Amino acid sequence: MNLSEEELKRYNRQMMMDGWGEETQQKLKNSTVFIAGAGGLGSPVSIYLTVAGIGNLRICDFDSPDWTNLNRQILHDHTRIGTNKAESAKITLNRLNPSVNVEAFTGKITEETVDELVGDADLIIDCMDNFPTRYLLNETAIRKGIPLIYGSIWGMDGMVSFIDSPETPCLKCLFPEAPPSETFPVVGATPGVIGSLQALEAIKYLTGIGSNLRGYLLVWNGMKNEFRRYRVPKDPECPICGNNKG
Amino acid sequence: MKITVKLFATLKQYGPEIQEMTVQEGTTVADIVRMLRIPESIPLLRIVNSVHVDPNHKLKDGDPLALFSPIAGG
């Protein structure tokens, strides 16, 4: 399926980039991404993938926006309070780019539902707010043989990594234990930074342009606006991807 | 010997974001964690010179140690 005249104009500025062009744009159009969470990180991730012309975007969130979400969850506004976040995301994303096929899933991501929710996606983008679901997505990505882009935030701090086990450490290698659940402090620009980096990792992977954060944890300290990249090894004893996995 | 310790995100409550510490030869990463009174219950990612190390890793003069606790926010 060729790109329409409108699409050629819409994506013109990115197609001007070295190695991009019409063929690469077509790769994006043929891609499917599963975004877990339509909150702080899910907002910039889904918005930038939508305007970049991803073909199919599957977005999942069981929650609905409340006032305390609106400093950062830019998919939603006060008129969407009470609307499911995935449904609200679909409305926003369809307005931004109607040529993208957005599927909204309003259920919880559980052991029973995760395989069907992820479906035949080429990539999982982890925009969750809790580690049990992040671990579940990690295991699903490994089982399905697809990469997962991890991102998390706290205050003016954030982390990103591109997980493609067995070539890279998995999330459980990086963080064997979950932090306690909490209502975390955050300013909206923080998920803006980290979510944009996750979207960029996805675009690079799907187009084959540039390289990904494979085996690296990128850490952003927003207080100082300092980025550092740390090499992180696989854990041979990892219960999920190590030698003695269950 | 002198080392530099950096604390990330939620760990900043246990000391300055960056501090220089004078410690004895043979000091391990676990020793530093104890000195900072970071509870054992907090899961940690320990990085020295951009490499992930285990708690028993012995530090050398001039080493930068970065301590991270996983953050869940999204």
Side-chain angles (χ1 to χ4, degrees), chain A residues 36-43 45 72-73 125-134 150-159 169 171 173-186 190-191 194-195 198 215-217 219-224 226 228-235, chain B residues 1-21 23 27-74:
Chain A
L41 290 173
S43 289
V45 166
R72 64 194 183 282
Q73 300 190 11
I125 309 186
D126 172 9
C127 302
M128 295 308 298
D129 61 358
N130 69 86
F131 258 78
T133 314
R134 290 180 184 277
Y150 160 78
S152 65
I153 51 170
W154 193 92
M156 286 193 197
D157 292 294
M159 299 175 171
L171 187 63
C173 297
L174 283 178
F175 300 115
E177 294 169 75
S181 67
E182 62 168 342
T183 301
F184 64 98
V186 66
T190 296
I194 299 300
Q198 287 180 283
Y216 285 97
L217 183 68
V219 177
W220 176 65
N221 173 349
M223 289 284 188
K224 298 200 165 163
E226 180 183 77
R228 281 186 187 269
R229 223 166 72 139
Y230 298 97
R231 182 171 274 290
V232 280
K234 282 175 71 72
D235 176 3
Chain B
M1 64 179 187
K2 284 186 177 171
I3 59 157
T4 307
V5 180
K6 295 185 80 169
L7 301 176
F8 180 78
T10 53
L11 298 177
K12 289 174 193 166
Q13 62 183 296
Y14 298 103
E17 194 179 324
I18 303 179
Q19 62 179 305
E20 199 175 71
M21 292 176 75
V23 294
T27 297
T28 64
V29 171
D31 293 331
I32 300 294
V33 171
R34 271 192 293 274
M35 286 175 204
L36 293 171
R37 299 176 190 276
I38 298 173
E40 285 181 15
S41 58
I42 294 183
L44 291 177
L45 179 65
R46 310 157 199 88
I47 292 179
V48 176
N49 284 319
S50 298
V51 177
H52 190 186
V53 298
D54 68 34
N56 299 320
H57 178 86
K58 285 189 181 174
L59 295 161
K60 296 193 196 86
D61 188 37
D63 269 350
L65 165 65
L67 294 172
F68 306 90
S69 179
I71 51 175

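Predicted model only: the values in this text are computed from it and were never measured. Chain letters run A, B, ... following the sequence lines, proteins first, then strands; residues in each count from 1.
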Tell me if the CE atom of B:Met1 is crowded by more than 12 foreign heavy atoms within 6.0 Å. yes
A quick test of your reading: do over 12 heavy atoms of other residues, nucleotides or ligands sit less than 6.0 Å from NZ of B:Lys12?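 Yes, NZ of B:Lys12 has more than 12 neighbouring heavy atoms, counting only those of other groups under 6.0 Å.
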Expected output: side-chain [X] to main-chain [Y] donor-acceptor under 3.5 Å:
X	Y	value
A:Gln198	A:Asp126	yes
B:Asp63	B:Leu65	no
B:Asp61	B:Lys2	yes

Counting heavy-atom pairs under 4.5 Å with chain B, which one of [options] comes out on top?
options	value
A:Gly222, A:Gly158, A:Pro185	A:Gly158
A:Ala178, A:Pro233, A:Ser152	A:Ser152
A:Arg228, A:Glu177, A:Glu182	A:Glu177

Should the ring pair A:Phe175 and A:Tyr150 be called parallel, tilted or perpendicular, given that the plane angle runs from 0 to 90° and is split at 30 and 60? tilted
Closest non-hydrogen atom pair, [X] against [Y]:
X	Y	value
A:Gly195	A:Leu41	N-CD2, 3.6 Å
A:Thr190	A:Asp157	CG2-O, 3.5 Å
B:Ile71	B:Ala9	CG2-CB, 3.8 Å

Is there any residue in residues 33-48 of chain B with a non-hydrogen atom under 4.5 Å from a non-hydrogen atom of chain A, and which ones are they?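 So the qualifying residues are B:Pro43, B:Leu45, B:Ile47.
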Which answer fits [X], side chain, backbone, both or neither, if we ask what part of it has an atom under 4.5 Å from a heavy atom of chain B?
X	result
A:Gln73	neither
A:Arg72	neither
A:Pro179	both
A:Ile194	neither
A:Arg134	side chain

Within the 4.5 Å heavy-atom criterion, are B:Asn49 and B:Pro64 side-chain neighbours or not?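 With C-beta onward as the side chain, the pair touches.
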